[in-house]
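Reading through the structure tokens given below for one structure.
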Amino acid sequence: MGKLRVGVIGAGMISDYHLQSYAANEETELHGIYDLSAERAREKAARYGVNKVYRSTAELLADPKIDAVSICTWNDTHAQLSVDAVSHGKHVLVEKPLAMTYPEALKIRDAAAGRSQVFQVGFVRRFAAGTRVLKKFIDDGLLGGIYYAKATHLRRIGNPGGWFADRSRSGGGPLIDLGVHLIDTVWYLMGKPKVARIKGVTHRELGNRANVGNLSFYKAADYSADKNDVEDLAAALIEFENGASLLLDVSFSLHAKETETKIQLFGKKGGAELEPELLLVTEQHDTILNVHPQIDHLTLDFDEAFGSEIDHFVACCLGGGGTHAPLEDGLEVMKMLDGIYESAKSGQEVVYGDG
Ligand SMILES: NC(=O)c1ccc[n+]([C@@H]2O[C@H](COP(=O)([O-])OP(=O)(O)OC[C@H]3O[C@@H](n4cnc5c(N)ncnc54)[C@H](O)[C@@H]3O)[C@@H](O)[C@H]2O)c1
């Protein structure tokens with residue numbers, strides 16, 4: 001079988017992780033790239049050995065030489081680009097979030113219905129070594145039934161600016177940008193229970209703290225701190241039909257001592273921490289054991305996680321296997337994100353199904 005010929009749409013910050021991972025994958029040929037900024041696309045093409053720089057998405061998608069695409073653009077373009085790519089028969093790996101809203105995501109579902117191509121959502125943390133290892137222990141029953149989880153990603157200063165801070169292009173702030181990863185990772189590790197109820201709050205109090213100096217943080221390729229109409233903090237309690245719940249908080253700006261990432265899961269037989277470092281908690285012979293797995297990447301490592309995500313995508317495209325981050329999971333996570341924003345706006349709990 002020939003190599004998978006890939007096109008990358010969007011050549012900003014995160015595209016580097018896609019491009020370097022494809023470049024390192026021997027089953028892949030980096031065939032094309034397109035960005036609104038032709039200069040940026042040309043620079044990335046030269047750096048990663050991409051064959052062709054296209055003049056439009058339409059031109060890239062119309063090229064029969066492209067088998068698969070990575071969509072690495074602003075959030076407001078994910079849904080339409082996904083629909084277009086699927087309609088052109090391409091395999092798709094779309095960055096998170098799947099779309100800006102659940103109704104937008106449903107349009108992708110409709111376009112993909114009945115088609116056999118791979119559609120993978122960029123839930124990169126599912127593919128990180130720590131998550132993969134923990135999932136095995138959970139599936140093997142180490143934690144027993146998981147009934148509670150806590151997930152935190154609090155940045156004291158970390159609004160990436162540019163389009164991230166422009167709701168019309170991002171769909172929101174830290175919830176849709178960081179919360180999407182936390183919700184997905186925990187929900188996946190919990191065994192994807194059905195959502196029952198959501199209560200959420202958001203705050204816009206501090207803005208982007210662009211006055212703060214001497215600290216570096218992730219920035220959009222076209223960074224600017226001029227516009228900011230997204231929340232700077234979001235918190236939520238998500239309850240699932242199986243009785244389990246997830247408590248979540250995320251921020252771009254906060255008067256916190258330091259930036260903090262923590263993911264904890266608590267089950268009837270044991271517990272686990274995925275961040276800041278993989279740790280298993282269990283009990284044997286009336287003694288509590290904190291178990292430290294010995295693996296290379298105890299915390300999220302972008303290079304490792306993206307390499308693993310893209311190797312999996314390529315293998316699915318070439319081998320026809322089902323992806324571990326399918327479209328239907330993207331829809332469920334999108335539903336939870338919408339629920340949190342909706343609850344924050346109305347002040348009411350959002351109730352699903354029969355309640
Ligand atoms: N998986 C992760 O951990 C992770 C981390 C950061 C960003 N992301 C996601 O990756 C995506 C891109 O984020 P980024 O940090 O690279 O942003 P960025 O601003 O650095 O880059 C975005 C690029 O997309 C281009 N672009 C926008 N609309 C386009 C269109 N219609 N066609 C072609 N090019 C277009 C822009 O010109 C820019 O070069 C976002 O959806 C973001 O949520 C994921």
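Just follow the structure's listing: the first ligand is 1, and inside any ligand the first atom is 1.
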Would you call Pro160 and Phe252 a side-chain contact if the rule is heavy atoms closer than 4.5 Å? yes
May I ask you to check whether Asp249 and Thr152 show a side-chain donor-acceptor distance below 3.5 Å? yes
Test of ring centre spacing under 6.0 Å for Phe127 and His312: yes
Cation over ring face, Lys219 and Phe217, 6.0 Å, 45°: yes
Pair His18 and Phe306, ring centroids less than 6.0 Å apart: yes
Nitrogen or oxygen contacts under 3.5 Å, ligand 1 side and protein side:
| unit_1 | atom_1 | unit_2 | atom_2 | d |
| --- | --- | --- | --- | --- |
| ligand 1 | 1 (N) | Glu95 | OE1 | 3.1 |
| ligand 1 | 3 (O) | His181 | NE2 | 3.2 |
| ligand 1 | 15 (O) | Tyr218 | OH | 2.5 |
| ligand 1 | 16 (O) | Met13 | N | 3.2 |
| ligand 1 | 16 (O) | Ile14 | N | 2.8 |
| ligand 1 | 17 (O) | Trp163 | NE1 | 3.2 |
| ligand 1 | 19 (O) | Trp163 | NE1 | 2.8 |
| ligand 1 | 19 (O) | Ala221 | N | 3.4 |
| ligand 1 | 20 (O) | Met13 | N | 2.9 |
| ligand 1 | 20 (O) | Ala221 | N | 2.9 |
| ligand 1 | 34 (N) | Leu36 | N | 3.3 |
| ligand 1 | 37 (O) | Asp35 | OD1 | 2.7 |
| ligand 1 | 39 (O) | Asp35 | OD1 | 3.3 |
| ligand 1 | 39 (O) | Asp35 | OD2 | 2.7 |
| ligand 1 | 39 (O) | Arg40 | NH1 | 2.7 |
| ligand 1 | 41 (O) | Thr73 | O | 3.1 |
| ligand 1 | 41 (O) | Asn75 | OD1 | 2.7 |
| ligand 1 | 41 (O) | His78 | NE2 | 2.9 |
| ligand 1 | 41 (O) | Lys96 | O | 3.3 |
| ligand 1 | 43 (O) | Asn75 | OD1 | 3.4 |
| ligand 1 | 43 (O) | Lys96 | O | 2.9 |
| ligand 1 | 43 (O) | Lys96 | NZ | 3.1 |

Checking side chain to side chain donor-acceptor pair (under 3.5 Å) between Thr73 and each of Thr77, Asn75, Asp76, which is the one that passes? Thr77
